[in-house]
2 protein chains.
Amino acid sequence: MSVKIPKAGEPVRGSTSGKPIMVLFDLLGRRWALGIVWNLSTGPQTFRALQSNCASVSPTVLNTRLKELRECGIVMKGENGYELTAEGDELFTYLQPLGHWSQTWSHAAKLKEDQ
Amino acid sequence: MSVKIPKAGEPVRGSTSGKPIMVLFDLLGRRWALGIVWNLSTGPQTFRALQSNCASVSPTVLNTRLKELRECGIVMKGENGYELTAEGDELFTYLQPLGHWSQTWSHAAKLKEDQ
DNA sequence: GATATTGCTACATATATTGTAGCATGTATG
DNA sequence: CATACATGCTACAATATATGTAGCAATATC
């Protein structure tokens, strides 16, 4: 069974629009996809390194995600293992602000929980 | 069976760190979560409206996602259906640039495919 | 009080993810 | 050369999640 990889301009999992943003969301809305991009932002990593940084990801899924991300031009295989492409790097710059936001969000969530 | 909802500061699905960004990624890395936030950014929507905007989402999953997003303070129920909270709105402002980026990305992917 | 719309729940089926084992290849070490 | 270790996977069973369809209860509309 081959993995369905979202292609630009093509419908994705039921979305008949094929809107690029929905294609992207479909890709990133798979387990560990965001985490992989995030982890690779600090530089190339071997398969095993990624595996231990993405805590509980199974090699099966890691490999599947890496395949998908490679086919979509976000990740590539280099000398030192897997790394972000120029595009992947650009994507990361848009993801990065979420790091800071998530902290304030998490803080707010905690306060609410403590009430 | 209750849905495990990521809580700030708590470990998530095997990630023992509980880093906020990983908590957020765990939440957003579930099917349709990103799409729901995106769709709600234009204003409140009824359950059924959301359902038809998120093409193939099943009511089961839509309801599960909405519950999760509500518990995490990103979505709330208002007079006119579901809508983003102030925090959700803020999250969206960080997501928004991805809309434009996804278009150039999709374009690049197409060119590559055509070679 | 009949009809329509909305917000779901139920449930069977299909798909995705996890967790563990382990193999093939490459490189370093005796 | 042998053997030991790391790396990049694949296989596969068990479990969790998502889809698709049906339909029900509650409210609004005629």
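Side-chain atoms are counted along with the backbone in the values below, which use heavy atoms only and exclude waters and symmetry mates. Protein chains get the first letters and strands the later ones, always in sequence-line order, with residue 1 at the start of each. For clarity, every value in this text was computed on a predicted model and none was experimentally measured.
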Enquirer: With distance as the sole test, does Asn63(A) use its side chain to make a donor-acceptor pair with the main-chain N or O of Pro59(A) at under 3.5 Å?
Expert: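 No, Asn63(A) side chain to Pro59(A) backbone: no donor-acceptor pair under 3.5 Å.
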Enquirer: Without decimals, in angstroms, what is the distance between Glu83(B) CD and dG7(C) P?
Expert: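 Taking CD of Glu83(B) and P of dG7(C), I get 13 Å after rounding.
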Enquirer: Just the table, please: protein N/O against nucleotides 25-29 of chain C N/O, every pair under 3.5 Å.
Expert:
none

Enquirer: Figure out the CZ/P separation between Arg30(A) and dT18(C), and round it to whole Å.
Expert: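 Atom-to-atom, Arg30(A) to dT18(C), this comes out as 14 Å.
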Enquirer: Would you say the side-chain atoms of Arg31(A) pair up with the backbone N or O of Arg30(B), donor to acceptor, closer than 3.5 Å?
Expert: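 Here the side-chain-to-backbone pair does not exist.
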Enquirer: Does Arg65(B) make a side-chain N or O approach to OP1 or OP2 of dA18(D) shorter than 4.0 Å?
Expert: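 So the side chain of Arg65(B) is within the cut-off, an N or O lying under 4.0 Å from OP1 or OP2 of dA18(D).
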Enquirer: Provide the full list of side chain to side chain donor-acceptor pair (under 3.5 Å) pairs with a residue in residues 45-54 of chain A, sequence neighbours left out, each pair given once.
Expert: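 Listed once each, the pairs are Gln45(A)-Asn53(A).
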Enquirer: Output the rounded distance in Å from CD1 (Ile36(A)) to C1' (dT17(C)).
Expert: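 Checked: the CD1 to C1' distance equals 13 Å.
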Enquirer: Please give, in whole Å, the distance from dG7(C) P to Tyr82(B) OH?
Expert: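 Nearest whole value for this atom pair: 7 Å.
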Enquirer: Send over the distance from Arg31(B) CZ to dA16(C) P, rounded to a whole Å.
Expert: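 To the nearest whole Å, that distance equals 6 Å.
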Enquirer: For Pro97(B), what residues pass the side chain to side chain contact (heavy atoms under 4.5 Å, CB included) criterion, not counting sequence neighbours?
Expert: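 Here the qualifying residues are Tyr94(A).
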Enquirer: Whole angstroms only, please: what is the CG-C1' distance between Asn80(A) and dG8(D)?
Expert: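 Going from Asn80(A) (CG) to dG8(D) (C1'), I get 15 Å.
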Enquirer: Given atom NZ of Lys77(A) and atom C1' of dG8(D), what is their separation to the nearest angstrom?
Expert: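 After rounding, the reported distance stands at 7 Å.
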Enquirer: Looking at residues at least two apart in the chain, or sitting in another chain, which of them share a side chain to side chain donor-acceptor pair (under 3.5 Å) with Gln103(B)?
Expert: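 Here no residue qualifies.
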Enquirer: Counting only side-chain heavy atoms from C-beta out, which of dG7(C), dT19(D), dT9(C) sits nearest to Asn63(B)?
Expert: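 The answer is dT9(C).
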Enquirer: Write out all pairs satisfying ring-ring contact (aromatic ring centres under 6.0 Å, His included) with one or both partners inside residues 36-84 of chain A, taking only residues at least two apart or from two chains.
Expert: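 Residue pairs passing ring-ring contact (aromatic ring centres under 6.0 Å, His included), neighbours aside: Trp38(A)-Phe92(A), Trp38(A)-Phe25(B).
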Enquirer: Which residue pairs pass the ring-ring contact (aromatic ring centres under 6.0 Å, His included) test when at least one of the two sits in residues 51-73 of chain A, sequence neighbours left out?
Expert: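 Qualifying pairs: none.
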Enquirer: Taking only residues two or more places apart in sequence, or in another chain, which ones meet Glu90(A) in a side chain to side chain donor-acceptor pair (under 3.5 Å)?
Expert: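 Per chain and number, Glu90(A) pairs via side chain to side chain donor-acceptor pair (under 3.5 Å) with Trp101(B).
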Enquirer: Within the pair Trp32(A) and dT18(C), is there a side-chain N or O less than 4.0 Å away from OP1 or OP2?
Expert: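 Yes, Trp32(A) has a side-chain N/O under 4.0 Å of OP1/OP2 on dT18(C).
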Enquirer: Mind checking side chain to side chain contact (heavy atoms under 4.5 Å, CB included) for Ala86(B) and listing every partner two or more places apart, or none if nothing turns up?
Expert: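 Ala86(B): no side chain to side chain contact (heavy atoms under 4.5 Å, CB included) contacts found.
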Enquirer: List the steps and the verdict of side-chain contact (heavy atoms from CB on, under 4.5 Å) for Leu98(B) and Ile21(A).
Expert: CA-CA 7 Å; Leu98(B) 290 176; Ile21(A) 189 67; 4.0 Å; yes
Enquirer: Using a 4.0 Å cut-off on heavy atoms, which residues in residues 39-48 of chain A reach DNA chain D? List them by number, or say none.
Expert: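 Residues of residues 39-48 of chain A under 4.0 Å from DNA chain D: Thr46(A), Phe47(A), Arg48(A).
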Enquirer: Give each protein N/O atom lying under 3.5 Å from an N/O atom of nucleotides 11-13 of chain D, with the pair distance.
Expert:
residue, atom, partner, partner atom, Å
dA11(D), N6, Thr60(A), OG1, 3.4
dC12(D), N4, Thr60(A), OG1, 3.4

Enquirer: What's the CD-P distance between Gln51(B) and dC8(C), to the nearest Å?
Expert: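 After rounding, the gap between these two atoms is 11 Å.
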Enquirer: Does the side chain of Leu69(B) come within less than 4.5 Å of Leu84(B)'s, by heavy atoms?
Expert: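 Not in contact.
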